[in-house]
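Order of the sequence lines sets the chain letters (A, B, ...), proteins ahead of strands, with each chain counted from 1. As the structure is a computational prediction, the values presented were derived from the model and not from experiment. FYI, side chains are in, hydrogens and waters are out, and symmetry mates aren't considered; it's all heavy atoms of this structure.
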There are 4 protein chains.
Amino acid sequence: MSTPKAVEGQPRRADAVRNRRLALEAAKTLLARPGTTLKVETIARQAGLGAATVVRAFGTKDALIDAAVTDLLGPLLRRAQEALAEDDPGAALRGFLLELINFQAAHWIMSEQLEGLQVPLTTLRRAELRNTLHDLISRAQDAGAIRADLHPAVTTVLLGEAAYAIARSNESSPELAAGFVTVMMDGLRPQPSAPHAP
Amino acid sequence: MSTPKAVEGQPRRADAVRNRRLALEAAKTLLARPGTTLKVETIARQAGLGAATVVRAFGTKDALIDAAVTDLLGPLLRRAQEALAEDDPGAALRGFLLELINFQAAHWIMSEQLEGLQVPLTTLRRAELRNTLHDLISRAQDAGAIRADLHPAVTTVLLGEAAYAIARSNESSPELAAGFVTVMMDGLRPQPSAPHAP
Amino acid sequence: MSTPKAVEGQPRRADAVRNRRLALEAAKTLLARPGTTLKVETIARQAGLGAATVVRAFGTKDALIDAAVTDLLGPLLRRAQEALAEDDPGAALRGFLLELINFQAAHWIMSEQLEGLQVPLTTLRRAELRNTLHDLISRAQDAGAIRADLHPAVTTVLLGEAAYAIARSNESSPELAAGFVTVMMDGLRPQPSAPHAP
Amino acid sequence: MSTPKAVEGQPRRADAVRNRRLALEAAKTLLARPGTTLKVETIARQAGLGAATVVRAFGTKDALIDAAVTDLLGPLLRRAQEALAEDDPGAALRGFLLELINFQAAHWIMSEQLEGLQVPLTTLRRAELRNTLHDLISRAQDAGAIRADLHPAVTTVLLGEAAYAIARSNESSPELAAGFVTVMMDGLRPQPSAPHAP
DNA sequence: AATGAATGAGGGTTCATTCAT
DNA sequence: GATGAATGAACCCTCATTCAT
């Protein structure tokens with residue numbers, strides 16, 4: 001036959017790949033835009049495609065969302081892993097926190113928007129992200145860069161959730177992000193006196 | 001009031017008032033319960049009423065949710081206002097933060113669940129809450145109880161959003177809440193040296 | 001309250017019962033009419049109801065079809081059971097065969113139209129029907145009314161399937177039905193000589 | 001022919017003919033396999049072709065199915081015509097009945113699966129088959145091989161439909177087929193006494 | 001006035017057909 | 001000419017709102 005046949009494996013036809021990317025980008029764009037309802041029709045229009053096409057490209061709406069969010073979280077996870085390799089544990093944590101906020105501020109991925117959807121990949125990647133943040137924190141504690149009177153797990157949740165919230169805030173701004181990191185890092189610094197009584 | 005078919009100024013029928021309260025309580029209960037879908041039918045069943053009754057009592061589903069959330073935020077707002085009258089500005093802020101977290105942890109009002117709904121009263125009351133928190137922070141800064149190198153607006157958002165996130169976290173616990181307040185207050189304490197360079 | 005409240009149990013509101021019946025009748029009518037596609041919309045229109053209503057009345061389209069077919073098979077099953085109680089086993093079988101054909105000729109329930117649908121009640125009732133026919137045949141064989149050189153199970157399938165087909169035939173008529181029963185009963189009569197060599 | 005872009009009377013390209021055959025074989029195979037859904041995609045995969053190719057080869061899905069079923073019925077029709085030429089009318093009828101059952105049992109062509117499809121050729125060929133069976137029966141009646149107190153048309157439908165049903169039965173087996181033919185031929189034998197009163 | 005039921009708009013998904021490679 | 005992908009129509013189902021009891 002005269003079919004190009006391509007290399008055996010994943011790579012499908014050029015336009016299929018292109019449209020898959022278009023759908024993915026559209027989903028990511030809409031995930032970044034606050035207040036969107038994430039209907040298949042909306043994503044399709046954003047991508048300049050038909051509704052059935054985006055479903056076909058991923059099999060199901062959930063799978064598309066899953067892929068989009070996972071995709072968005074990818075670079076962030078990579079940055080977290082790079083931070084783990086940096087020399088100064090305290091500076092690494094501080095630096096990553098800023099990235100975390102800035103990234104999420106630019107993307108607006110709402111946990112709640114995913115409620116009721118089947119997004120196994122996203123769940124997985126979130127766990128990875130959380131684990132890496134946990135490691136970053138533990139390393140900073142071991143190095144004496146941050147206080148040790150809090151359990152690493154507590155600190156992980158605290159930083160993760162708070163950073164997430166700050167990023168998503170309507171008033172999000174570089175100034176806010178910087179303020180958050182400053183306060184957090186100051187608050188996490190080894191304290192001279194005993195902590196305040198609860 | 002503009003209630004149809006009712007004599008002006010005349011109190012509504014006793015059972016109408018009672019049903020309105022039942023619906024409101026049901027909505028509040030479901031808002032407190034994580035993972036609920038907030039369908040009219042669900043609320044009605046929880047209230048022991050018919051679906052039509054619930055809608056009729058508020059005219060629309062959105063109005064009911066609006067009233068319920070506003071209602072839930074009421075005591076919190078009152079507490080914030082009481083904190084403003086306390087003597088020690090720092091302690092008042094710290095105390096309110098804990099209340100804020102505990103309250104939200106117990107009520108699970110998700111901003112995102114309200115996305116796409118018309119909830120003007122809720123928006124209003126949230127602004128009031130935010131303003132009062134802003135005042136609490138300004139007062140603490142004026143009294144030298146917390147650092148002044150951050151704009152009060154920034155600090156307001158920071159505390160409000162972060163507290164909200166901590167409360168909503170799946171791993172939410174008293175230990176986490178206490179840790180959050182400790183770190184925040186330590187971080188917000190007037191700092192001896194210059195803040196970390198950005 | 002002044003709610004009628006009715007008797008505790010199944011009986012719901014009068015119109016609900018009425019509409020449930022309308023939907024059921026509509027489905028039965030369409031099952032009787034050859035060449036129909038059995039769309040929810042079609043059934044609803046036939047019933048003079050909205051599409052959502054007929055779904056709500058049964059929870060799902062499949063459940064509606066299931067109920068309709070089961071309903072149609074009910075009287076037939078009852079007749080088979082009555083035939084079992086008759087005195088003359090041969091006449092009972094012959095009589096039931098005629099009923100089987102006439103009934104099915106009037107209803108046009110196609111196994112294949114149900115393909116891919118979840119109809120557990122129908123499956124059950126069909127098995128009952130088949131079992132009762134099996135008993136009718138066994139009894140006739142035991143009484144010497146029909147030949148015994150065929151396994152009852154074979155005869156059951158033979159009569160059941162053939163009667164079914166005759167009933168569904170486009171040229172279906174009383175004459176055809178009578179002819180079928182005559183031939184079958186004659187063919188099933190105990191044969192004087194050995195059966196034809198295959 | 002009206003094939004577009006082809007010189008009149010010119011044979012089509014070799015691979016086009018080959019693909020048409022592949023599609024036809026695939027459809028026939030799937031028609032023989034019970035419980036298949038007969039989607040274009042499924043047929044194409046079975047043929048090792050693309051979906052568009054299958055459609056293009058026949059213009060429409062219905063045309064493909066029509067051709068496939070017609071093709072399947074071809075040999076059966078030829079066998080019926082050969083039976084007409086045999087010496088013993090009774091044996092010819094009996095022989096053909098067995099073939100009819102075996103053939104259909106092996107092919108699983110469901111009338112109902114064709115419901116809603118435009119299959120004019122199939123309809124035509126079915127009529128031919130029915131007519132030939134009618135002739136077989138008339139000839140057997142004329143020869144005194146089978147009873148004459150039934151109208152040939154009635155007997156035709158009776159045998160045709162019943163044989164079809166027996167073939168399609170889930171419990172289909174050689175034993176069942178043989179039993180059917182035995183009973184039918186015994187029942188059709190010229191009867192000594194008057195037929196049973198209806 | 002209260003309510004169970006009816007409904008119409010809208011969602012996701014499938015599939016025969018058409019298009020572009 | 002063959003084909004994988006695109007698509008729009010159609011289907012079943014959900015739910016906030018309206019109706020009739």
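A:D62 places no side-chain N or O within 3.5 Å of a backbone atom of A:L117 that could act as its donor or acceptor partner.
Atom CD1 in A:I65 sits roughly 12 Å away from atom C1' in E:dG12 (whole-Å rounding). We find that CZ of C:R20 is positioned 11 Å from P of E:dA6, with the value rounded to whole Å. A straight line from CZ of C:F58 to P of F:dC13 spans 13 Å, rounded to a whole angstrom. Taking atom NZ of residue A:K39 and atom P of nucleotide E:dG11, one finds them 4 Å apart after rounding to whole Å. Per the geometry, CZ belonging to A:R45 stands 12 Å off P belonging to F:dG8, to the nearest Å. When rounded to the nearest whole Å, the span between CZ of D:R18 and P of F:dT3 equals 8 Å. Remark: C1' of F:dG4 and CG of D:L49 are 13 Å apart, rounded to the nearest angstrom. Put simply, CG on B:L64 is 11 Å from P on F:dA16, counting in whole angstrom units.
Sorted by first and then second residue, the salt bridge (charged side-chain N to carboxylate O under 4.0 Å, His left out) pairs involving residues 43-54 of chain C (not counting sequence neighbours) are C:E41-C:R45.
Listed pair C:N19 / E:dA6 meets the phosphate criterion, a side-chain N or O lying under 4.0 Å from OP1 or OP2.
Nearer to the 5' terminus of DNA chain E, by closest-nucleotide assignment, is the contact made by C:D15 (compared with the other of C:D15 and D:L38).
Summarising the geometry of D:A23 relative to D:F58, their closest heavy-atom pair is CB-CE1, 4.0 Å, with the distance given to 0.1 Å. Scanning both residues, C:A27 and C:A68, for their nearest heavy atoms gives CB-CB, 3.8 Å. Heavy atoms only, all atoms of each residue included: C:A51 and C:V40 are closest at O-CG1, 3.7 Å.
To the nearest 0.5 Å, the span separating CZ on C:R125 from OG1 on C:T70 amounts to 6.0 Å. In this structure, OG1 in A:T29 is found 9.5 Å from CG in A:L24, a value given to the nearest 0.5 Å.
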Would you write the dot-bracket representation of DNA chain E, where each base gets (, ), [, ], | or . depending on whether it forms a Watson-Crick or G-U pair under 3.5 Å and with which partner?
.||||||||||||||||||||
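A 4.5 Å side-chain heavy-atom check between C:L31 and C:L38 finds at least one atom pair inside the cut-off. Side-chain contact between D:R33 and D:Q46 is present, with at least one heavy-atom pair separated by less than 4.5 Å.
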What are the atom names and distances for every N/O pair under 3.5 Å that joins the protein to nucleotides 17-19 of chain E?
residue: E:dT17; atom: OP1; partner: D:T60; partner atom: OG1; Å: 2.8
residue: E:dT17; atom: OP2; partner: D:T60; partner atom: OG1; Å: 3.4
residue: E:dT17; atom: OP2; partner: D:K61; partner atom: N; Å: 3.0

